[in-house]
There are 2 protein chains.
Amino acid sequence: MPALDPTDLWRRPERSVVGPKPGHSRTGIATAALQIADQEGLAAVSIRRVAASVGSGAASLYRYVKSHDELVELMMDTVSSEYHLKPAAGGPQEQLLHLARQGRRLMRRHPWLAPLLLTRPSMGPNSLRYLEAALAALAKVDLPGPAKLQTVAMMTAITSAFVQNEMATTHPTEPEGVASGRGQYLTEALMAGDYPHLAAAMTGHTGEGQPDEQFTSIITNYLTGAGVPS
Amino acid sequence: MPALDPTDLWRRPERSVVGPKPGHSRTGIATAALQIADQEGLAAVSIRRVAASVGSGAASLYRYVKSHDELVELMMDTVSSEYHLKPAAGGPQEQLLHLARQGRRLMRRHPWLAPLLLTRPSMGPNSLRYLEAALAALAKVDLPGPAKLQTVAMMTAITSAFVQNEMATTHPTEPEGVASGRGQYLTEALMAGDYPHLAAAMTGHTGEGQPDEQFTSIITNYLTGAGVPS
DNA sequence: CTTAATTGCGAACGGTGATCGCAATTATCA
DNA sequence: TGATAATTGCGATCACCGTTCGCAATTAAG
């Protein structure tokens, strides 16, 4: 009997009890993949690329990870170990705000994370620890369970959106040739007089608040609206 | 001189003035791609697949669309033509709420849209028309231009997150074998007693509100918090 | 020492986005 | 009415992708 092991990454033991000892490890593979993703984006994280970076053949990676999706899952949970989950001082709102700040920090450090968190929530131990911490902050709040879950989900979603907005506006991700391809139509349409309100909004003076304060107020506003007391 | 045309999809004329008339059209290609995406997901929308669906060779598609990314851009803007942008009655908040509802409708109709809107905002004419309508609703609101832009962006982000949440919980996207692979660890960990707050939240009685009312209240709460008067 | 399981991995399969070159088509100009 | 120049359709091809298969090498248990 070929020892059918669980389909779930987190249930599967890293190393089986018999056979040659593996030349690599999950964390080694994960850190290699993380480095690639941080530097060249998630699209650069291919099985072959990670394998080469670790120093093994491409097919060997499948001894550690069942699919490319699982590799991403592993990356997400590995990066989730960077959370500082010490419960903050203050009421539920302050504690959740602290967790949201942690999320923002993580998404800024690893730009590939933000889109993923919305599409494909991670279910690994570290990710669940974060979720658990958030729910612990809501323990004494009088809200039905699913509502609490939704509140946390929306909070990270808002964080993700904020970070992506933030980095898109401040970080010139494009090579900036002359008028970098994309958006060329925009400028033309704006000068042609279509979208007058858009033109007005874009030429308007920049907002007065620092991004940190903006973020704080957005999260706080959402939480109070959702019924989370301070 | 080989008539270098703009790199921008929306600036490039659909058909040049000389040469044989194209056998296909952007809208034809777009609708074919849309159908595939709606039925089988965005991942199924490959150049070859769309070409076959339209009845042409794979390489021919590049006469209408410069890259796969541009195809997606085209899809996003094409689908944005389904918005009902008639200004609603009421103050800024009601008008924005109406637009948010439109967004939710669209994202539910085309599940592939929600993740894309967050990662890769569309800049086509129809998408810009939506943005323009939102900014028009904010015309008389005393907020700096960038703040208005951010407000609209956050609104659609919240909508996207809500829809994805909504469809993930109600729509069993997985084949549901026995304990469908993913989440097997979760149930085990829950029964083992880790994540007690999570366990409590998941076994709690379901929320009382209809999703539509939930959505309305979330958007409304956000808008009032952002300083948008009703 | 035998046995059974596991590891590493080269080779291969099917699919992907994208490019190139060429024959066929067609509007404009002489 | 040609002749010209640009454009279209597209087969062939390249590089890369995720994934599977089969096999030699390795190692722990009996």
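Residue numbers begin at 1 in each chain, while the letters A, B, ... track the order of the sequences.
- Along DNA chain C, the nucleotide nearest to B:H68 and the one nearest to B:K21 differ in position, and the one closer to the 5' end is contacted by B:H68.
- B:Q214 and A:Q150 share a side-chain donor-acceptor pair at under 3.5 Å.
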Chi angles and distances behind the side-chain hydrogen bond (donor to acceptor under 3.5 Å, both in side chains) call for A:H197, B:E132: CA-CA 6 Å; A:H197 294 101; B:E132 176 74 7; 2.9 Å; yes
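- Between D:dC10, D:dT8, D:dT19, one nucleotide has an atom nearer to the side chain of A:Y62 than all others, and that is D:dT19.
- Distances were taken from every side-chain heavy atom of B:S56 (C-beta onward) to each of C:dG8, C:dG17, D:dC10; the shortest belongs to D:dC10.
- Heavy atoms from other residues, nucleotides or ligands lying under 6.0 Å from CD of A:Q35 number 12 at most.
- Closest approach to the B:S67 side chain among C:dA18, D:dC10, C:dA27 is made by C:dA18 (side chain taken as heavy atoms from C-beta onward).
- Residues A:R63 and B:E14 each lie close to DNA chain D; by heavy-atom proximity, the contact nearer the 5' end of the strand is made by B:E14.
- Across the protein-nucleic acid pair, A:L61 atom CG and D:dT19 atom C1' stand 12 Å apart, rounded to whole Å.
- The phosphate of D:dG9 has OP1 or OP2 within less than 4.0 Å of a side-chain N or O from B:Y64.
- Of the residues near DNA chain D, B:P20 and B:G57, the one whose nearest nucleotide (by heavy atom distance) lies more toward the 5' end is B:P20.
- Salt bridge A:R101/A:D212: absent, no basic N to carboxylate O contact under 4.0 Å.
- Within residues 27-54 of chain B, the residues having any heavy atom under 4.0 Å from DNA chain D are, by residue number, B:R48.
- The only member of A:H110, A:M76, A:E73 that meets side chain to side chain contact (heavy atoms under 4.5 Å, CB included) when paired with A:L116 is A:M76.
- Looking at A:D38 and A:W112, their side chains do bring a donor and an acceptor atom within 3.5 Å of each other.
- For D:dC10, the OP1/OP2 oxygens have a side-chain nitrogen or oxygen of B:S60 closer than 4.0 Å.
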